[in-house]
Amino acid sequence: MRKFVYALLTTAMVALVGCVTINVYFPEAAAQKAADRFIGTVIDQGAAPAQDAKPTPAPQSQPPVQPSAMLLDLLVPAAYAANTPDIRVQTPATEAIRGRMQARFKSTLKALLDSGAIGFTRDGLVAVHDAGKIPLSQRAQANAAVADENTDRNSLYREIARANGHPEWESQIRSTFAKGWSERAHGGWYYQDASGAWKRK
């Protein structure tokens, strides 16, 4: 009987720990909100929002701990019992990237987007949509701006994933930003849909 109870408890512990590991998920809603704020400061040239800080909860009286709760605390680390994870977007690296993107958008990219020469791609980058709308004398400069922008965007998505302790989130952060860029596009700008086809806002 004792062996049976031990085996049952061991199975329960493995199941609980397995559930805890699986529940570390990408916080899509928080990421979309953070991406929207970042994109807004680039497209609309607003000021960078203050670093999000989680408010410190007011101290509360703790109820007596039940023996069953003590067992659960041993099995489930407190970190996993925390609130829904947030996304950190502001680091020294991302702020430097933001500054370059704002300056590039103001000096070059906005005019190219307004003319329909370039657009937002489905993978969160920018690409030439219609080179014929760029004067020949300005094409080298436009291509350089697009290349520099994409370098910064790739670095941004990688840095946000790294800053949140989940490098494996990079592709999800990229997808979240890609959605945000197309949603914040101004009327007349081009963007790619999920299939890669160009659409006009």
Side-chain angles (χ1 to χ4, degrees), residues 24-49 51-52 84-131 133-134 139 141-201:
V24 180
Y25 66 95
F26 178 67
E28 187 173 351
Q32 191 65 62
K33 185 176 179 183
D36 190 59
R37 286 197 304 268
F38 184 99
I39 292 166
T41 66
V42 174
I43 289 180
D44 302 320
Q45 297 291 296
Q51 172 64 50
D52 294 332
T84 302
D86 199 0
I87 283 284
R88 181 180 181 211
V89 172
Q90 284 181 277
T91 69
T94 62
E95 288 305 288
I97 292 169
R98 186 203 305 269
R100 291 194 299 270
M101 291 173 75
Q102 286 177 322
R104 190 180 302 115
F105 186 86
K106 185 175 181 180
S107 68
T108 310
L109 295 187
K110 184 178 185 302
L112 293 171
L113 286 161
D114 287 343
S115 71
I118 67 170
F120 298 133
T121 67
R122 62 180 174 175
D123 57 354
L125 302 176
V126 291
V128 174
H129 164 257
D130 185 352
K133 294 187 177 180
I134 308 173
R139 285 186 190 174
Q141 179 188 5
N143 287 331
V146 166
D148 289 344
E149 178 72 6
N150 287 336
T151 296
D152 276 339
R153 289 186 180 212
N154 285 324
S155 297
L156 174 69
Y157 308 145
R158 184 168 53 252
E159 169 62 17
I160 292 173
R162 187 205 61 77
N164 285 278
H166 289 279
E168 72 277 10
W169 284 356
E170 183 179 342
S171 63
Q172 291 163 291
I173 289 168
R174 176 184 296 277
S175 296
T176 300
F177 268 82
K179 179 182 175 186
W181 291 113
S182 62
E183 287 181 349
R184 292 296 292 259
H186 293 182
W189 290 6
Y190 284 88
Y191 66 95
Q192 288 180 337
D193 64 16
S195 70
W198 287 105
K199 304 284 186 182
R200 193 176 188 188
K201 197 72 178 275

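Everything numeric here is computed off the predicted structure, so don't read it as measured data.
- Taking every heavy atom of both residues into account, I134 and R139 meet most closely at O-NE, 3.0 Å.
- With rounding to the nearest 0.5 angstrom, the CG atom of L113 is 9.0 Å from the NE2 atom of H186.
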Derivation and outcome, side chain to side chain contact (heavy atoms under 4.5 Å, CB included), residues N164 and I160
CA-CA 6 Å; N164 285 278; I160 292 173; 3.6 Å; yes
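- With hydrogens and angles disregarded, a donor-acceptor distance shorter than 3.5 Å links the side chain of R184 to the backbone of D36.
- You'll find the side chain of N154 reaches within 4.5 Å of the side chain of R174, heavy atoms only.
- Crowding of K33 atom NZ: a count of heavy atoms from other residues, nucleotides or ligands under 6.0 Å not exceeding 12.
- Looking at D193, its side chain does come within 3.5 Å of a backbone N or O of S195 through a donor-acceptor pair.
- Formation of a donor-acceptor pair under 3.5 Å by the R122 side chain with backbone atoms of A194 is found in this model.
- Y191 and S182 make their closest contact through CD1-CB, 3.8 Å (heavy atoms, listed as atom of the first residue, atom of the second, distance).
- Side-chain N or O atoms of N150 include one that pairs as donor or acceptor with a backbone N or O of V126 at under 3.5 Å.
- A donor-acceptor contact shorter than 3.5 Å is absent between the side chain of R158 and the backbone of E170.
- Nearest heavy atoms, G124 versus Y157: O-OH, 2.6 Å.
- In this structure the side chain of T108 never reaches within 4.5 angstrom of the side chain of E149, judged on heavy atoms.
- Side-chain atoms of K110 do not come within 3.5 Å of backbone N or O of I43 as any donor-acceptor pair.
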Run the side chain to side chain contact (heavy atoms under 4.5 Å, CB included) test on F26 and I173 for me, step by step, so that the C-alpha distance in whole Å, both residues' side-chain angles and the decisive distance to 0.1 Å come before the verdict.
CA-CA 9 Å; F26 178 67; I173 289 168; 3.8 Å; yes
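- Within 6.0 Å of atom CD in E28, 12 or fewer heavy atoms from other residues, nucleotides or ligands are found, so the atom counts as exposed in its surroundings.
- For K106, the NZ atom is loosely surrounded, since the number of other residues' heavy atoms within 6.0 Å does not exceed 12.
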So F38 and M101, side chain to side chain contact (heavy atoms under 4.5 Å, CB included) or not? Walk me through it.
CA-CA 11 Å; F38 184 99; M101 291 173 75; 4.1 Å; yes
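- In this structure a side-chain-to-backbone donor-acceptor pair under 3.5 Å is missing from R200 to Y190.
- Note that CD of Q90 is 4.5 Å distant from CD of E95, once rounded to the nearest 0.5 Å.
- Using cut-offs of 30° and 60° for the angle between ring planes, the W181 and F177 rings count as tilted.
- Residues P27 and W169 come closest through the heavy atom pair CD-CH2, 3.5 Å.
- Residues A131 and V128 come closest through the heavy atom pair N-CG1, 3.6 Å.
- For the atom pair CD1 (I118) and CG (N143), the distance works out to 10.0 Å, reported to the nearest 0.5 Å.
- Residues A34 and I87 share a closest heavy-atom pair of CB-CG2, 4.2 Å.
- Using modelled atom types, no side-chain atom of T121 and backbone atom of A127 make a donor-acceptor pair closer than 3.5 Å.
- Here Q192 contributes atom CD and L125 contributes atom CG; the two are 9.5 Å apart, rounded to the nearest 0.5 Å.
- One distance of note links CZ of F105 with OG1 of T41; it measures 10.5 Å at 0.5 Å rounding.
- With rounding to the nearest 0.5 angstrom, the CZ atom of R37 is 11.5 Å from the CD1 atom of I39.
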